[in-house]
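Remarks on the structure that follows.
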Protein chains: 2
Amino acid sequence: MSCITTLTRTLRQRGYRMTPQRLAILQALHDVGHLTPAQVYARVRATGMTEATVYRTLDFLAENDVVRVADRGSGHLAYELAGEDHHHLICRACGAQQEIPAEVLRGMLDALEGHTGYRLNAGHLTFFGLCPICQESFTAEPVYEIVGG
Amino acid sequence: MSCITTLTRTLRQRGYRMTPQRLAILQALHDVGHLTPAQVYARVRATGMTEATVYRTLDFLAENDVVRVADRGSGHLAYELAGEDHHHLICRACGAQQEIPAEVLRGMLDALEGHTGYRLNAGHLTFFGLCPICQESFTAEPVYEIVGG
DNA sequence: TTGGTTATTGATAAAATTATCAACAAGGAA
DNA sequence: TTCCTTGTTGATAATTTTATCAATAACCAA
């Protein structure tokens with residue numbers, strides 16, 4: 001059974017429906033990886049879909065854990081398919097990105113769950129910092145600038 | 001020397017200025033703890049300040065590490081004074097919040113710095129999950145809803 | 001396959017956020 | 001104190017995001 005068929009069934013069990021608009025947006029995210037709402041719209045506007053629908057659908061998919069939200073420091077939220085857990089490390093100076101495997105943080109997250117009793121939704125965390133190269137070029141009192149991405 | 005005097009001097013060293021608008025916004029954040037841009041504006045509009053100025057000033061203060069941004073899951077970013085490091089754990093079902101002392105995550109963050117060579121800006125992280133009470137009231141296939149705060 | 005229920009969409013307006021630019025004012029210099 | 005430089009603000013427009021609601025279409029039942 002295809003991935004889409006499974007997803008459709010899951011949504012229906014929850015009282016929702018699968019629509020061509022939702023499929024198109026999922027396809028766009030699958031093709032590119034992660035996109036802002038504006039970028040999604042640019043890719044699906046040919047279908048006649050409204051911008052409002054893009055925002056609504058992304059919200060809907062995120063609330064149903066089909067996609068996940070990631071604040072990538074550009075001032076605009078990005079969305080991506082919820083797949084294997086991983087995290088990101090982004091340099092605030094040059095924008096370089098590095099992927100962090102889920103295992104690296106798993107221990108800490110487990111400890112946090114044990115300590116607080118919460119069950120965490122930490123599928124995708126983003127950390128910000130200075131990469132080794134940019135650390136060199138900054139003086140004693142750096143003024144950080146958010147770099148768009 | 002007062003805290004404001006120190007801050008003013010620091011900004012000036014970086015080529016910026018202290019203004020009554022910036023003071024008013026800092027005062028509001030000091031009084032309440034954390035506020036969204038709209039909430040800040042509600043508290044300072046009596047001074048005649050523009051909404052645009054509120055957004056600009058919050059951005060400015062965040063880029064200079066005077067305040068920090070926290071995505072509190074309401075869909076709108078919140079701002080708070082940058083003080084002693086701490087983190088938050090928020091229940092996605094009922095909105096309950098729990099503070100996490102910095103020490104709990106320090107070890108993990110240090111390890112991450114060592115592993116990647118990055119210098120992290122992780123003054124305030126927010127984790128989302130289900131609190132112990134809400135875990136009881138959810139069935140096998142929960143549909144999470146973001147709760148505004 | 002057909003009909004009926006209702007979740008979803010498009011169209012539109014409203015609200016929130018960002019960009020632009022001339023006028024103003026903070027802070028240093030004389 | 002007064003003048004000058006230029007960072008900052010207010011006013012305004014543009015853009016992004018959210019809310020509203022009637023029309024549409026997905027999906028189940030017969």
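In what follows, chains carry the letters A, B, and so on, assigned in the order in which the sequence lines appear, proteins first and then strands, with residues in each chain numbered from 1.
Between the CG atom of A:Leu11 and the P atom of D:dC28 there is a distance of 12 Å, given to the nearest Å. Atom-to-atom, CG of A:Leu77 to P of C:dA16 comes out at 17 Å; the value is rounded to the nearest Å. Taking atom CG of A:Leu23 as the reference point, atom C1' of D:dA26 lies 12 Å away to the nearest angstrom. Between A:Arg14 atom CZ and D:dC27 atom P there is a gap of 15 Å when expressed in whole angstrom units. In this structure, B:Arg9 atom CZ and C:dA26 atom C1' are separated by 16 Å, rounded to whole Å.
Of all the heavy atoms in A:Val54 and A:Pro37, the pair that sits closest is CG1-O, 3.7 Å. Nearest heavy atom pair, residue B:Leu11 against residue B:Arg17, reads CD1-O, 4.1 Å. Across all their heavy atoms, B:Asp65 and B:Ala82 have their closest contact at O-CB, 3.6 Å.
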Under 4.0 Å protein heavy-atom contacts per nucleotide of nucleotides 3-16 of chain D, with B for base, S for backbone only and - for none: --BBBSBB-----S
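Residues meeting the side-chain contact (heavy atoms from CB on, under 4.5 Å) test with A:Thr53, sequence neighbours left out: A:Gln21, A:Met49, A:Thr50, A:Arg56, A:Thr57. Not counting sequence neighbours, the partners of B:Gln27 by the side chain to side chain donor-acceptor pair (under 3.5 Å) test are B:Asp31. Residues passing the ring pair (Phe, Tyr, Trp, His ring centres under 6.0 Å) test with A:Phe60, sequence neighbours excluded: A:Tyr16. Under the side-chain contact (heavy atoms from CB on, under 4.5 Å) criterion, B:Leu81 pairs with B:Leu26, B:Leu29, B:His30, B:Val67, sequence neighbours left out.
Comparing the helix axis at one end of the helix from C:dT1-D:dA30 to C:dA30-D:dT1 with that at the other, each defined from 5 consecutive pairs, gives an inter-axis angle of 40° (nearest 10°).
When A:Glu80, A:Gln39, A:Arg68 are each tested for a side chain to side chain contact (heavy atoms under 4.5 Å, CB included) with A:His34, only one passes: A:Glu80.
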